[in-house]
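What follows is a set of notes on a single structure, which appears directly below.
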Amino acid sequence: MKRLLVLLFLVGLSGHAVALEAISVPLDAKTIDLTHAVERHSEQTDKVQVSTAPGADGIVRRIEVHSSRPDGPSDWAVFALSNPSDEQIDRLLVAPHYQLIRSGVLWPDLGSQRVVAVTPSEGFPPEQVQSGQADIYRITLDPGAVITFVVELHSEALPQLHLWQPDAYEDSVNSYTLYHGIVLGIAGLLALFLSVLFVVKGTAMFPATAALAWAVFAYTSIDFGFWNRIFALAPANEQFWRGGTEVLLAGALVVFLYTYLHLHRWHVRYSHIAILWLLGLIVAFGILVVDPSVAAGLARMSLGLTAVVGLAVILFLALRNFDRAIMLIPAWAVLVFWVVGSWLAVTGKIHYSAVQPAIAGGLVLIVMLIAFTIMQHAFAGGALAQGLISDAEQKALAMVGAGDAVWDWDVSRDRVEASRQVEHSLGYPPGGLEGPARHFLSLLHPGDQERFTAVLDAVVTQRRGRINQAFRLRSADGHYLWFTLRARPIVGTDGEVMRCTGTISDINDAKIAEERLMQDAIHDNLTGLPNRQLFLDRLQFALARSRAEGVAEPTVLVFLLDRFKSVNERFGHSVGDSVMLAVGRRLSRLLREQDTLARLQGDAFAAIILSETSQDGLDAVAAEMMSALKTAISVGEHDIFLSASVGMGFTDPQQSAEAQLQGAETAAYNAKRQGGDQIETYSGAAATNIRASRFELEAELRKALDGGGIELAYQPIIKLSDRLPAGFEALLRWEHPTRGKIPPSEFIPVAEESGLIVQLGLFAMERAARELAGWQAMVEGENMPFVSINVSSQQLLRHDLINDVKAVMTRTGVAPGTLKLEITETMVMQNPEYASKVLARIKEMGAGLSLDDFGTGYSSLAYLERFPFDTIKIDRSFVHCGESQTRPIILRSVIALAHELGMEVIAEGAETESDTEQLRQLGCEYVQGFYYGRPMTAQMVQQLVRRPVARAS
C-alpha cells in the first residue's frame, strides 16, 4: 500500500469530485465485461487522484496513487466493485495481451503487457497470477465491501478487461485446448506432407504450397500461444514474431498464386507485379525490426489485396478455360470469405470470443483445400486416377487400411504363420509365431486353449464354417494380449481342408476398455469400493448362506458422514474427493477379510460384518470405525475433522437384502437427525412406523390416480447434429394437495410393492401417446418427435402388456417407432426367454425399444444382441466419470458397440458443453440432461415443438 495515499478529507455535498458507480458482483456471474465500464485517466505526472465509490457508510473519499515507473506521463483505469452478498467473493481480473478483435488493419495492436499494477482503495494489493497470455490479478471482495481499484496501465491501450470466476476462466481456457491442439496438429502434418510431396514430385507448385502451409503453421503457433510456451517470449518479442508470421503469410500467398497459375506464361506484367509486390513485403520485413505494428499492417493490407486481385485473375483465366484456375475457384472463394470475416473481426464488427480461434482454424482449412486442389491436378493422369489396381492389390490395401494382419494355417504341413506386426506386438523376433499348430496353441491363455482347439477341429472335420474367435496370446514378457481371429477353411480338390486363412487383429485396448466398463458398473469410480448394487448382491449371498448352512447372520452398518457438505463448500470438490479416498482406506483397514465395505452414494458408506456376531463385538467394531473417522485428515495445508452417524441393522434371513439395507439406513438417518456422531440400532418400532407411512402413502396414491393428481413432465432429448429437440422422456409427477410435490423416488417403490405400478404405467403410456399424437399433427415432414416411457418389471412380465401397447397405438395413431418403451437390463434378465418374445412382439407392432441405464447391470454385453432394442441410453455414471484418460475409451467402446449392432445412442447426464462436444465427436446421436432443459409440462413442449430453438454451441 505504499503507492496508495488516502487523503484526509471527505467529499460531501460540496460537489468537489464525482464519485464512481460501483459495479455489483453477483455470486453466480461467471464473467463481467469491465472494458467499457472503467474510467480512463491520462496524467502528465507519475500519480493520479480519483474519487472512490461511496462505501457502505455512503461516504466518498479521494485517493492518490503513485506510478511504479519513473517520473513522467502515466495512464490509468479506475473502477469500483461491490459485494452485495454475505459471502467472500474471489475473482480474476484478466487483461489479455493480444486480441485479434478490434486490433485494427493499419498499425494493428499486436499485443503487449496491459496492466502494470492494481491498487485497491482498501485491503492488500491483488496477487498477480503468472500467465504468458494475459495480465491476471486475483481480487478478493469481503461481504458487503465496496472497493475502488486503480489500475496502472502499461500504455493507453486496453482492448479488453474482464472479471472472471476462477473456475469459469480456467474452463474457458481449457475449452479451446483440444481445438488448438487439433488445428496445430493438422497444420503441422499438412506442412510436413506437402514438404514430402515436394521431395517426391519435384514440381514448382509443391514448394510454394509447402511454404504457405509452413507460414500458416507458424501463424497458428503464435496465435495459440504454442510458440510462447516453448520459448517463453516476452510480450515485446511476441509482437515481433506475430508481425513476422503475418508478413510471411502474405508473401507465401503471393508466391503460391503466381506459381500455381503460371502467371509468367500469360504476360510479363504479371511477373513484374509479383516481383514488386514481394519487394514491398521484403521492405515490410525490414520494418519489422523497427516497428512490428507497421509491418503487420502492411501484411494485412497485402492479404486483403491478394485475395481480391487473385479472385479477379482466377475468374479471368477461368473464362479462358484454364483448368488450374477453374480448380482453384472453390478454395479461393473460401479465402475471400475468410478475408472478409477477418476484416470484420479486426475492425470490431463482430466480437464473439470464438472468432479468433475460428479464423485460425479457417486458415488451416483453406490450406487443406488448396492442398487437395494441387494434389488433384498433380495426380490427375496417374495410375491411381485410372483405377489400374489389381484385385489382389485392392485387398492388400484394404487390409493395411483396416490394420489387420494375415494368419494362415497350412493343414497339410501343420504350419501356422502370422504377419510380422503380430509378432512385433507380442515382442517376438521374426518367425517367433511360426511353427506347428501345437506351438501356436501353447501360446494361448489356458482358459482359451480348449475352446480354440475345439473350433479348429470342428472346422477341419466338417470342412466348412468360419472361425470367429477372441483369445489371449502370451507375449515375450509373460503378459497376455487380446486378439481376434476371423478365418475360413479352404478345401482342396480332394474335398479335404488344405489350409485355414484369415485375419488376426489386436483388440487389447478394446478389451481393456470393456473390462473397465464392467468394473465401473459394480464399483465406485472414486474409491474403487463396491457400489450399492454389488453390496446388495454380497448381502443377499450372505443371507442365503445363513439360511442354507445355518451360520451366523450378517450385520449391516451404514455410515453417514456428518457435515461433509461443508467440506466441499469450503475447500472444493477436489479436497472432498481426497477426503473420501482417505475415509475409504481407513474403514477398509479396520475390517477383516470376510467383511465387505462399500460406498453407497455421496457421503454414505456401508459394511457387511461377518467377523463379529456378538453385540459387544459389533459395538466395538462400530466404535472403532467411528473413532478412526474422528482422526484428522490432512489434505495439503488443511486438517479436516469428521464424524459419522452410524446405523446398525440386525438382518433377518427371511427378508430381502434391500429391506435389510433400508433398515440400517433408516437407523443412520435417525442418528443424524438426533445430532450425529452416534450409533442408532434399527428397531421394530421404526419398521412399524415406516410400514404405516407406506400404507398411508399407498392409499393417497390410489386417490391421486382416480382423481387426476398424477401428471406427466417431459425432459427434452437433443439431437446433436442440429442441437434441436428430437424427443422427450415422460416422467411421472405427483402434486399432493397438502404435502406438495412428492418425488418419484418416494412413491414409485410404494407403487411397485402395492401393484399400482401397472396402473401408473398404463396411465403414463396412454397420456404420453395421446399428447405425442397431438404434437406430431403440428409437425410437417419426416422429423417426428418421439416420447420415451419407462416400463416397470411388473408391466414387462404381464401378459397384457402387448395388448396394452397395441390398443394405445391404435387409439392415438402415433407415427411408427416414435413411442419408445424404456426397459432396464435388470428387468429383462429376470426372465430372459419370456422378455425376448414380448419385446419382439412389441417391436413388430411399431413401438420403439430403448435399453435404459446401459452398463449398470451384469449382462449388458453378453445379452445385448439377444433383444430387439433400437436405442441404448448410456448411464450418466459413464458420462461423468471424472477427467480420467480412460473416459473417452469407455464411451467410444460403448458407442461403437451400439453402432455395430445397428442401434442409436442417447447419453444421459450431459451437463456441460464440453460433455456434449466430446459425445458428438465420439459419434453419439442424442444427449439428455439439465444443460438442455429440465422436465417441462405438455403445454411447454407444444410451444417448443412449434418453435424449436437450438442450444448455443
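Counting begins at 1 with the first residue of the sequence.
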Donor-acceptor pairs are to be reported for all side-chain atoms of residues 728-735 against protein atoms at under 3.5 Å, with residues two or more places apart or in another chain.
{"residue": "Glu729", "atom": "OE1", "partner": "Lys873", "partner atom": "NZ", "Å": "3.1"}
{"residue": "Glu729", "atom": "OE1", "partner": "Gln928", "partner atom": "NE2", "Å": "2.5"}
{"residue": "Glu729", "atom": "OE2", "partner": "Asn790", "partner atom": "ND2", "Å": "3.1"}

Original post:
Is a side-chain N or O of Asp677 found less than 3.5 angstrom from the main chain of Ser643, in a donor-acceptor match?
Top reply: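 No.
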Original post:
Taking Asp595 for the side chain and Ser611 for the main chain, is one N or O donor matched with an acceptor at less than 3.5 Å?
Top reply: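 A pair under 3.5 Å: yes.
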Mind listing the closest non-hydrogen atom pair of [X] and [Y] along with its distance?
X: Ala910; Y: Leu919; result: CB-CD1, 4.3 Å
X: Leu481; Y: Asn508; result: CA-OD1, 3.4 Å
X: Ala632; Y: Phe641; result: CB-CE2, 3.3 Å
X: Leu561; Y: Met580; result: CD1-CE, 3.8 Å
X: Glu612; Y: Leu618; result: O-CD2, 3.6 Å

Supply the atom-to-atom distance [X] [atom1] to [Y] [atom2], rounded to the nearest 0.5 angstrom.
X: Thr681; Y: Ile679; atom1: OG1; atom2: CD1; result: 7.5 Å
X: Leu600; Y: Phe605; atom1: CG; atom2: CZ; result: 9.0 Å
X: Tyr480; Y: Leu443; atom1: OH; atom2: CG; result: 8.5 Å

Original post:
Under the criterion side chain to side chain contact (heavy atoms under 4.5 Å, CB included), which of Gln660, Gln615, Met648 is the partner of Thr555?
Top reply: Met648
**OP:** Begin from the C-alpha positions of Glu665 and Lys672 and carry the test salt bridge (Lys or Arg N to Asp or Glu O under 4.0 Å) through to its verdict.
**Re:** CA-CA 10 Å; Glu665 286 179 318; Lys672 197 164 190 175; over 6 Å; no
**OP:** Tell me, with the steps shown, if Gln533 and Asp537 meet side-chain hydrogen bond (donor to acceptor under 3.5 Å, both in side chains).
**Re:** CA-CA 6 Å; Gln533 186 172 359; Asp537 183 75; over 6 Å; no
Within-4.5 Å side-chain heavy-atom neighbours: [X] and [Y]:
X: Ile608; Y: Leu539; value: yes
X: Leu587; Y: Leu629; value: yes
X: Arg586; Y: Ile633; value: yes
X: Met625; Y: Leu591; value: yes
X: Leu891; Y: Gln918; value: yes
X: Arg599; Y: Leu526; value: yes

**OP:** For the residue pair Asp562 and Ser645, confirm or rule out a side-chain donor-acceptor distance under 3.5 Å.
**Re:**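 Judged by distance alone, the side chains do pair up.
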**OP:** Consider only side-chain N and O atoms of Arg451 and Gln469, and report whether a donor and an acceptor are under 3.5 Å apart.
**Re:** yes
**OP:** Output yes when Lys820 and Glu904 qualify as a salt bridge under the 4.0 Å nitrogen-oxygen rule, no when they do not.
**Re:** no
